[in-house]
Structures are given as structure tokens and as C-alpha cells.
Amino acid sequence: MEPTPQTTEPRIALPAAPPGDGPAGRRAGRLRDRAAGRIAAEARAELDWLSGRPDRDPSLDYFVELMARDSSPAALSARLGRKVVALMCLQVPLELFLALDLHPLRLYGGSVAAAASAPPGLPALMCPLLRSLMGGMVGEPSLAGLDWVIPTTCDWISGFEGLASLYFGDLARVRAVELPRRKENPQSAERWLSEVAGLWGYLKRISGRKAGRRDLARAIGDLGRARAALGRLARLRREGRVPGVWFFLITGSFFLDGVSAWGQAASRAADFFAGRPPQTGPGVFLSGSPIVFPNFKILHLLDDLGYAVLGDDMCSGERLIGRHVALKDRSEEGLLAALAESGHEGCLCPVFVENRRRLGPILEAASEADVRGVVFHLLKGCHPYEMDSLALERDLAANGLRFLRLETDYTAEDRGSLSTRLEAFRPTL
Ligand code: SF4
């Protein structure tokens with residue numbers, strides 16, 4: 001049984017006035033405390049459930065404890081001894097931050113309680129991840145005071161700064177990074193490189209550090225080792241040895257510690273899973289909108305029904321740090337070019353004009369493992385993945401793979417219908 005989701009929370013109205021000593025400030029303080037309490041309770045319930053699983057091993061304690069810790073920017077910065085920068089999306093190379101001893105904190109909201117605490121008046125069909133992030137900002141107002149890096153990927157992310165400013169006042173400092181959406185256009189690579197180089201200069205300024213090729217090379221090495229650990233976990237998952245809930249807990253904790261410590265912990269977890277027997281249920285591949293802790297509703301349903309999740313292509317899962325960086329020229333400019341190219345060329349996000357390449361990794365997983373079908377997790381309001389799912393379904397059918405699109409949101413009311421559809425999918429595999 002999964003933990004009880006908190007979906008009946010009343011919508012909390014955010015005060016128009018900023019916090020202070022007056023009545024409006026006191027009310028803002030009460031709203032903040034209530035939202036923060038509910039968000040923490042939801043995360044605790046999920047972690048308690050995970051901790052009670054029979055396959056919990058001491059090697060997994062690190063990830064459970066990371067998720068249980070205070071991850072406010074101030075606490076994170078004090079723990080890591082680094083300035084924290086808010087990041088909305090993985091399009092930009094993480095190595096740029098690491099090379100400057102900055103800590104990127106990806107802000108995707110996975111909390112159902114936070115989504116229910118979001119300010120009123122937001123669009124009804126808003127991306128639930130960003131609605132949840134808005135509610136998270138009610139509980140943790142200091143987020144608005146960070147430096148933000150916002151790649152202009154989907155419309156919700158591109159418009160987030162404007163939406164957030166309506167409720168929280170202007171975000172302190174925002175660096176937008178413009179994404180060219182036609183990869184096949186020869187000018188796109190050049191344009192993206194200039195955006196990445198511009199971000200590098202910006203991050204140097206806000207870090208106050210003079211970094212160069214040595215720092216970039218060190219960051220590429222550090223992230224490469226973490227990538228190797230995640231790759232090993234992904235290969236073990238192809239064999240059915242890593243349950244989906246643990247895999248997504250591990251990837252979900254990535255931004256809550258230094259990359260080397262996380263990579264070492266991921267290696268220890270891989271050692272543990274290597275000795276576990278493979279799951280025996282029908283194997284599926286997960287695609288679609290990101291699954292973010294603690295909203296593991298779909299993972300719980302798959303687990304309860306005996307499916308084995310053998311892979312995924314989500315930016316919150318296998319795609320977290322999945323890009324290999326091909327190094328040719330080791331000058332600072334050469335390293336920047338390699339980082340820009342690997343990020344842009346290798347990205348599977350469906351925000352580009354042409355997205356047929358999304359089929360490749362699924363077919364590759366199916367050739368390596370007993371993947372019988374694809375479960376497509378579609379969050380209501382996530383238009384890029386919704387549009388993408390139609391062509392993907394057709395292409396998968398042409399390759400003999402079954403496809404199930406599960407449209408859902410951050411509520412628990414659809415658990416029954418989702419479960420029924422997953423049960424009906426099973427005999428078709
Ligand atoms: S791509 Fe989908 S899930 Fe991701 S931020 Fe945009 S709408 Fe949300």
C-alpha cells in the first residue's frame with residue numbers, strides 16, 4: 001500500500017502584501033507555515049513507506065535521509081558550502097555550475113500538498129510540476145530570492161518568471177537561456193553555443209570566480225563518474241533488479257548533495273541491487289512527463305500490479321545526467337562547445353520541432369531487455385508530451401511494441417481508473 005496522498009487540502013490564498021509585521025505579514029507567515037508543514041508531512045509519509053519495504057537496504061539510507069533533510073536554499077548552501085542557483089530544466093550543462101563551485105538546484109515540484117497550496121487564480125490546466133513549484137514557493141519564500149537560470153523550453157517554463165512575479169514579486173535575478181528548437185537548422189548549434197557561452201560568463205560573474213578549462217575539465221570528470229554510476233543502475237534495472245520507486249528516489253535526490261558523494265552512494269546502491277533477484281512481472285518502459293518525488297502514484301500502481309519497470313526516458317529518471325560528453329579540443333572554448341553539443345544534440349525533450357529521435361532509446365532498451373510495452377505518463381497540461389505521444393504511439397506500433405497512455409494529475413481520485421487501465425494492459429503484453 002502506498003502512503004495516503006494529501007489531496008483534500010483546501011486551496012490556500014496568497015496574501016497580496018509581502019510578509020512583514022502587520023496583519024498581512026502575519027497571515028503570510030501562517031500560510032507559509034501551513035504549506036511547509038503539509039509538504040514535509042507528505043514527503044515523510046512517502047519516505048516512511050519506502051523505509052518499510054522489504055527490499056530496503058542500508059545502502060539506500062543515504063537517499064532516504066537526503067530526501068528527509070531540510071533542503072531549503074539556506075540549509076543546502078550551509079551544508080555544501082556553496083552558493084545555490086535555481087535551475088528550471090536540464091537543457092543547460094550542469095558542468096558549468098560545478099566548475100564554479102555553484103550548486104544547481106533543479107526546481108520541479110513533485111509535491112501534491114504543494115500543488116494544493118499554490119496561489120489561487122493560476123490557469124486550471126497548468127503543468128502540475130510548476131503548480132507544485134508555486135505552492136513550494138509559498139512554503140519556502142526564500143526560493144524567489146535566488147539567482148534563477150531558466151532555459152526557454154516548454155511554454156510553461158518560458159512563462160514561469162512572469163507568472164511567479166504576479167504572486168511572489170519579481171524573482172531576484174533571472175538568466176533566461178534561449179533554446180533553438182530546430183536542431184536540423186545549421187545555425188541552431190551556433191546559436192546554442194553562444195547561449196551556453198553567455199551563461200558561462202554570467203555564472204562566472206555571480207560566483208565571483210575566475211574559472212577556466214581546468215575547472216571545466218574537473219566538472220566534466222566529476223559528472224562523468226556520477227553518470228557512470230547511474231548508467232550501472234540503469235543497466236541493472238534493464239535486468240529487472242532495481243524497482244522503479246528506488247530508481248526514482250535515487251535520481252530525485254541528485255540535486256540535494258555534492259555530485260561526488262551522490263555518485264559514490266549510487267555505486268553502493270548498484271552493488272546492492274546487483275545481488276537482488278530480477279523481478280518477474282511483465283517488463284515495461286516508462287516515458288512521458290517527468291515523475292518527481294514524492295508523487296510516485298504511477299510507480300506505486302505499477303509496483304502493486306507486478307509490473308517491472310525496465311527503463312525510462314524521463315528527465316527526472318535515466319535522462320537526468322545521461323549525456324556523454326565527447327571531448328576533442330580541450331581548450332576552454334573546445335570544452336564549452338563539447339558541452340553545448342552534447343546537451344543540444346542528445347536532448348530528448350519533446351519541445352523541439354522534430355522529435356522522432358525519441359523512439360531510438362526505447363527500441364534500444366527493448367533490444368537489451370524484455371520490454372513488452374510502453375507506459376506513457378502524461379500530466380494534464382503538459383502539451384509537449386501530449387503532442388509527442390501520438391507520433392510515438394504510431395512509431396511503437398510499427399515496431400511491435402504496445403503502448404498505454406495514462407493521463408493523470410496531482411490528485412489521488414484517478415487511482416482506481418489508472419489501476420483498471422493498467423490491469424487491462426497486462427494481458428495485451
Ligand atoms: S515539458 Fe511538460 S512536464 Fe515539463 S515543464 Fe513543460 S509542461 Fe511541465
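Position 1 is the first residue of the sequence, and the numbers go up from there. When a ligand or atom number is given, it counts from 1 through the structure's own listing order.
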**Q.** Atom indices of ligand 1, in the order listed, that fall short of 4.0 Å to a heavy atom of Ile157
**A.** 5 (S)
Q | Closest contact, heavy atoms only, Leu125 versus Trp156 | A | O-CZ2, 3.3 Å
Q.
Salt bridge or not between Asp70 and Arg79? Use side-chain N to carboxylate O under 4.0 Å.
A. no
Q. Among protein heavy atoms, which lies nearest atom 4 (Fe) of ligand 1, and at what distance?
A. Tyr108 OH, 3.8 Å
**Q.** Side chains of Arg182 and Ser188, donor plus acceptor under 3.5 Å
**A.** no
Q: Tell me how many protein N, O or S atoms are closer than 2.8 Å to atom 2 (Fe) of ligand 1.
A: 1
Q) Among Val245, Thr251, Leu299, Leu47, which one satisfies side chain to side chain contact (heavy atoms under 4.5 Å, CB included) with Phe293? A) Leu47
Q) Considering residues, nucleotides and ligands other than Glu190, do more than 12 of their heavy atoms fall under 6.0 Å from its CD? A) no
Q) Under 6.0 Å between ring centres, would you say that holds for Trp148 and Phe160? A) yes
**Q.** Side chains of Ser111 and Glu42, donor plus acceptor under 3.5 Å
**A.** yes
